[in-house]
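Working notes for the structure below.
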Amino acid sequence: MSSSPSFAEVRSRAVERLVQGVATSDGAGVRLTRVLAQPLQRRLDPFLMLDAFRNENPDDYIGGFPDHPHRGFETVTYMLAGRMRHRDSAGNEGLLEPGGAQWMIAGSGLIHSELPEQEDGLMEGFQLWLNLPAKDKMVAPSYRDLPASAIPEFVADDGVRVRVIAGDSHGVAGAVQRPDTEPLYLDVHLPAGTRFAQPLPTGHNAFVFVYRGEVAIGGTAVPERHMAILANDGRDGVAVEAARDARLLLIAGKPLNEPIAQYGPFVMTTGDEIRQALVDYQSGQFEAARVRAL
Ligand code: CO
């Protein structure tokens, strides 16, 4: 843990739009909020989806996400509370615990399950889908389990705590670095009366999701359980102010500017590639996939 970065002034991007997301369910009846959905994929390229789940009632999560395929992108699961076990078609498995994450590169495809390893209590976390460039959509699948202790963090003098899942913040390198999309994924905890600033490349798309409390960005209030899409207005970062305790995700990445063809858990660049994914899936190729642990 390092301390005391000075959050040098940035000219903060403005909030372009607030998004509340849609309550839905996925897997075997897991209730969740789809914060980033298909209509925002162009605007928030390279990000394809963000689901937020926070369920106290086991009926709303106990079914989990039984066996299902993925091809053509990366999934990032970040747990705040509760435990989830993942297993894949190659026989790998791992346990996601509070404060930990799993980074999976689905690439050419695999089948996996994500199932709660608890029968009661709070289950809370997020799943982000990050697109792969066309040239890498068929790479061999792999994943990395990141226990809480593997996620670098720092605490500023005023108590602002930043967990760096991916990218780089104030000289602290995140647990994961990815080429092409250069994702930044921060979990920021702001005590009441504090401020956090993060430089962002002007060409990158960026958003904030407030999961506790409320913050202000450029004078715009961002309430709890809302995503703020940050304007691509040429300014060099984002500054977040919290009048009361707040927690948020700050996510940014370099757009791929490639066509997006999605059919459920397959995200490719053309309809032909989607049809091929279905053929490959139906012929059992995904079950035979070898999945590397990185
Ligand atoms: Co999955």
Side-chain angles (χ1 to χ4, degrees), residues 21-22 24-38 41 46-55 60-80 82-97 100-118 123-132 136-146 165-166 176 178 181 183 185 249 251 260-268 274 277-278 280-282 284-294:
V22 176
T24 183
S25 70
D26 207 341
V30 179
R31 286 168 57 105
L32 53 83
T33 301
R34 187 141 294 161
V35 180
L36 193 179
Q38 230 158 346
Q41 287 176 342
F47 302 103
L48 299 165
M49 193 188 84
L50 176 68
D51 283 347
F53 51 92
R54 183 176 191 216
N55 296 313
D60 296 334
Y61 64 71
I62 206 74
F65 303 89
D67 279 351
H68 59 278
H70 293 284
R71 174 180 277 185
F73 57 99
E74 310 183 29
T75 68
V76 186
T77 309
Y78 179 45
M79 294 297 286
L80 297 176
R83 275 181 290 282
M84 193 108 83
R85 181 160 301 270
H86 70 86
R87 287 191 179 87
D88 67 40
S89 39
N92 301 298
E93 63 174 82
L95 188 62
L96 271 151
E97 296 188 281
Q102 189 211 31
W103 197 289
M104 186 177 82
I105 301 169
S108 60
L110 78 170
I111 292 174
H112 76 158
S113 62
E114 301 151 295
L115 298 171
E117 189 133 306
Q118 65 188 45
M123 174 77 74
E124 180 175 19
F126 307 95
Q127 189 170 85
L128 177 73
W129 288 10
L130 167 64
N131 209 355
L132 279 165
D136 290 337
K137 283 184 176 290
M138 294 300 281
V139 296
S142 61
Y143 75 94
R144 210 175 134 195
D145 278 329
L146 299 163
I165 298 162
V176 173
R178 298 290 294 143
T181 51
Y185 191 146
L249 306 181
I251 294 171
I260 300 168
Q262 178 173 9
Y263 181 78
F266 309 127
V267 184
M268 305 301 288
I274 291 294
L278 285 162
D280 292 348
Y281 176 54
Q282 280 152 10
Q285 268 193 38
F286 284 55
E287 275 120 61
R290 296 186 43 159
V291 184
R292 289 176 299 139
L294 291 177

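In listed order, ligands and their atoms are each counted from 1. Keep in mind that what you see is a predicted model, and the values were worked out from it rather than measured.
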Review point. Crowded around R34 CZ? As in, over 12 foreign heavy atoms under 6.0 Å?
Key: yes
Point to revise | H68 atom NE2 and H112 atom NE2 as seen from the Co ion (ligand 1), angle to 10 degrees | key: 90°
Review point. Going by atom types only, do N92 and H112 share a side-chain donor-acceptor pair under 3.5 Å?
Key: no
Practice item. Find, among atoms of E114 that are N, O or S, the one nearest to the Co ion (ligand 1), and state its name. Key: OE1
Check your understanding: What N, O or S atom of H70 is found closest to the Co ion (ligand 1)?
Key -> NE2
Review point. Going by atom types only, do E114 and Q127 share a side-chain donor-acceptor pair under 3.5 Å?
Key: yes
Review point. Can an N, O or S atom be found in H86 less than 2.8 Å away from the Co ion (ligand 1)?
Key: no
**Study point:** F53 ring center near F65 ring center (under 6.0 Å)
**Key:** no
